[in-house]
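Here the structure comes first, spelled out in structure tokens, and everything after it is commentary.
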Amino acid sequence: MDRIVVATGKALVAAMATGGWQAARDGALSLWRRARPAEAEAVGAELELVRGQVLEARADGDEDTERALAGPWQLRLQALLRADPAMAVEIQRVLDEVLRPALASAEQARAGSIVMKAEARDQGRIYQAAGDMHINER
């Protein structure tokens, strides 16, 4: 799956629980209006339905459900991208200009893509994590 699709799906679902939800919704819908206008109304209704599930998951502290809800949106975005690879520019724009700004700074980092590089020499050790890391050495 394309990394932009993964990041956009995560950001879209995370934005559902923010005060910037309407702008995020409009940004997501702009993708469907451009690529598949006949589906835009149904996508809008589904976004509202999923938003209710996200808000419930947040209230319950259920991060697993929230992560799972991003999956179908990632698949849908991937389908848009496969049908028209030029959509990558528009998806990136929505991610950068609409979705990420709607998120708190901690969530912005989680919605992005992470590239890590490291090189160890002379018995050196490298520890990298994109989140929590627990190391127990003896």
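Hydrogens, waters and symmetry mates are skipped; everything else that's a heavy atom, side chains included, is used.
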Which heavy atom of [X] sits nearest a heavy atom of [Y], and at what distance?
X      : Y     : answer
Pro101 : Leu95 : CD-O, 4.1 Å
Ala28  : Leu47 : CB-CD1, 4.2 Å
Asp26  : Arg33 : O-NH1, 4.2 Å
Ala102 : Ala15 : CB-CB, 4.2 Å
Leu12  : Ala24 : CD1-O, 4.3 Å
Met87  : Leu80 : CG-O, 4.1 Å

Look at Glu63 together with Arg58 and state whether they make a salt bridge at an N to O cut-off of under 4.0 Å. no

Does Ile91 share a hydrophobic cluster with Leu75, counting links as ILVMFWY side-chain heavy atoms below 4.5 Å and allowing steps through other members?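 Linked, Ile91 and Leu75 end up in one cluster.
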
Hphob cluster co-occupancy, Val50 + Leu55, side-chain heavy atoms under 4.5 angstrom: no

For Ser30, check side-chain hydrogen bond (donor to acceptor under 3.5 Å, both in side chains) against everything at least two apart and list the hits. none

[atom1] of [X] to [atom2] of [Y]: how many Å apart, nearest 0.5 Å?
X     : Y     : atom1 : atom2 : answer
Leu49 : Met16 : CG    : CE    : 9.5 Å
Thr8  : Asp2  : OG1   : CG    : 9.0 Å
Leu29 : Arg25 : CG    : CZ    : 5.0 Å

Residues pairing under side-chain hydrogen bond (donor to acceptor under 3.5 Å, both in side chains) where one sits in residues 72-91, two or more places apart or in two chains, turn out to be Glu46-Arg76, Glu90-Arg93

Do Trp21 and Val54 have side chains that approach each other closer than 4.5 Å (heavy atoms only, starting at C-beta)?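 No. Closest side-chain heavy atoms not under 4.5 Å.
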
Do Glu66 and Val13 have side chains that get closer than 4.5 Å, going by heavy atoms? yes

Gln92 CD: over 12 foreign heavy atoms closer than 6.0 Å: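 Atom CD in Gln92 is packed in, count exceeds 12.
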
Arg121: which residues meet the side-chain contact (heavy atoms from CB on, under 4.5 Å) condition with it, sequence neighbours left out? Glu119

